[in-house]
Protein chains: 2
Amino acid sequence: MNIYDISKKAGVSIATVSRVINNKDRVSEKTRKKIMDVIEQEGYTPNEYARGLALQSTKVIGVLCPDSSDSYTAAAIYNVERCLRDYGYDCILCCTGHRQEDREKYMKLIDSKQIDALVLVGSSYAAQDPKDQQYIIDAAKEKPVMIINGEVDAPNVYSVACGDEAAVEAATSGLIESGSRDILFLYNARSYSGRRKLQGYKNALQKHGIRERDELIALVTGGLDETIDFLLRQRSEGLRFDAVMASDDYLAAAAVKYAKKTGLKIPEDFQVIGYNDLMLARCCEPELTTVDSRVEDLSVAAVNYLMQILDGETPRQHSLLEGRLTWRGTTRTSEDGNPAPE
Amino acid sequence: MNIYDISKKAGVSIATVSRVINNKDRVSEKTRKKIMDVIEQEGYTPNEYARGLALQSTKVIGVLCPDSSDSYTAAAIYNVERCLRDYGYDCILCCTGHRQEDREKYMKLIDSKQIDALVLVGSSYAAQDPKDQQYIIDAAKEKPVMIINGEVDAPNVYSVACGDEAAVEAATSGLIESGSRDILFLYNARSYSGRRKLQGYKNALQKHGIRERDELIALVTGGLDETIDFLLRQRSEGLRFDAVMASDDYLAAAAVKYAKKTGLKIPEDFQVIGYNDLMLARCCEPELTTVDSRVEDLSVAAVNYLMQILDGETPRQHSLLEGRLTWRGTTRTSEDGNPAPE
DNA sequence: TTGTAAGCGTTATCAC
DNA sequence: GTGATAACGCTTACAA
């Protein structure tokens, strides 16, 4: 069933059918109806490939992420997809893993598929090393690239990110102001976001006149158990810390379990703050104080900017949304953000 | 840059270039190399739309789910995508939401896009009412449909699911054998999977000679807080229950928080079992006893079957993978599955 | 308002 | 081994 079949059955030319399908130009109400009836009757839908070929634009966006099963990423992808579909776009999803080599490989692969734009989800795409950003800059020569929660400064590369630095600074300040002095900063990637969060942590220390100590900055890899083990090991090796500022709710959950194991009482003896405000934050005991990184808002903003770009407008290249601290049971700070009375 | 440009620069015809791209037929090593060099040099990649148009097959699979941000679904999608990509397929993702009307709408939309097959993730696609399954049956007339964790009995519809019924029966039996009598079955959808789990619960009761009571079967909607409130309300209205068998880890987490609020000690006074073995299960306090529904194995199996189908083979239509109970802190049953000594 | 025909970039079937 | 050439199904000047 193609446009020729429809045109024949409707007794018109394919051009007219095309016009009706794309409701373009002026075509008489009578013929329009006649054609619509045939289309309806035959259950015809246009071939997207022929259309893509003719139009050189496909209404398809490539969405890349390291791992779409990660809660944060999954939320971003969900919102990106829903929002793009409302604009009439399809997304093709590609999970690249974390290795630079694979990221470049898949980027190239997806890039070769006549998509209209690329969305990169996750700060790991904004590598620290500029030469690891080159593949993004190259891709942006062909089509717009939008990064969610990362930033690469190059033509045709756009980004929307959470103000991680300010949020972590505020969170860490809360820990200090409620009496913690030896705050362990726990993070799992030297990504764009990881670096910004670390900076926020450092800012807070400095602001409160606390000396920054290398041994209190810990980059961990591995899952929940590995992180708990890591913390136990640090303790047994003599490191003292009375709070954890984590770059992620998973890491914070590990810190809570660590406290449980060592008999430290939360929040009296030990405070913990997470990041992202995942469902998991509510399931910890006590519930995690954490930063809502507004992944939904970020995703929607990213798509809206992208649509502007594809419409030929040139919105600002990089925007930041403010993170929102939510005080819960793992800190001594009360809901309004002030230290609770002792 | 298209096949004509390449043929011109290489001094051959487009037919020969096409042969080289698809490494077909016999083409002399010399011309092959010459063409490959030009392709390399120009960074040429074939246009997928032209190819799709010519071949009538696109190496694209449509992946439908109600909500890709749900942890279980996200894990399934991740594995499906990875596995399909290894086979050289792209996935286009479409989140349909839970409304029947929207599911049908998006199914139609995706179905019209010249994809090679459909993957439906989540048991909600296998509706209870046969007339709500019709859209799946119709879609399967055109291309194979694979359902992950659901089942629709129709030609060209395949499925891979977890043996939810047996798993819940075993889990519920564990609750009974460790002393619980008034077990609340908590679920959130009358989906295929929800129905199978409920049946498993009923089987266990019957096997142990416990009367099934309607008021102990609760279908809840809403999030964590709503579920906690629901449980508190049931209690205040006089319903007594000493365990919860939940169809989902989120619901189980709510049950744990309910117990906390009412001062019930877990597992001494109150037992809880979840489902799916999400990360969240490890973050509850105590950690959740739960069923690993093996979403990764399911996804990989689904893709492998699908590839067989697309290769013209006809594998079995419906397969079941056994769920795996993991005993943790919310039950009195010890690791080996036997009731712990009192 | 409608129709004709060229073009989009491939693959595949013929000849040679 | 290689080269013309006809599909594939659509959009869109340009003509009528």
A correct 5'-to-3' footprint of nucleotides 11-16 of chain D, with B, S and - meaning base, sugar-phosphate only and no protein heavy atom under 4.0 Å, is BBB---

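Look at CG on L53(B): it is 17 Å from P on dG7(C), rounded to the nearest Å. Rounded to an integer number of Å, the gap from E29(A) CD to dT1(C) C1' is 13 Å. Spacing between atom NZ of K8(B) and atom P of dG3(D) amounts to 14 Å, rounded to whole angstrom units. Protein atom CG of N47(A) is 18 Å distant from nucleotide atom P of dC8(C), rounded to whole Å. Atom-to-atom, CD of Q114(B) to C1' of dC10(D) comes out at 11 Å; the value is rounded to the nearest Å. Between the NZ atom of K59(B) and the P atom of dT11(C) there is a distance of 13 Å, given to the nearest Å. The separation between N2(B) atom CG and dG9(C) atom P is 5 Å, rounded to whole Å. Nucleotide dG7(C) holds its P atom 26 Å from the OH atom of Y49(A), rounded to whole Å.
D37(A) and Q41(A) share no side-chain donor-acceptor pair at under 3.5 Å. No side-chain donor-acceptor contact under 3.5 Å links R196(B) and N149(B).
Annotation for T96(B) and R103(B): closest pair OG1-CG, 3.5 Å, computed over non-hydrogen atoms. The two residues L53(B) and Q56(B) make their nearest non-hydrogen contact at O-OE1, 3.1 Å.
Among the candidates E151(B), R316(B), H318(B), the single residue satisfying the side chain to side chain donor-acceptor pair (under 3.5 Å) test with S159(B) is H318(B).
At a threshold of 4.0 angstrom between heavy atoms, the contacts of Q56(B) are confined to the sugar-phosphate backbone, with no base atom among them.
At dG1(D), none of the side-chain N or O atoms of T31(B) fall inside 4.0 Å of OP1 or OP2 (strictly under the cut-off).
Atom CD of Q100(B) has more than 12 heavy atoms from other residues, nucleotides or ligands within 6.0 Å.
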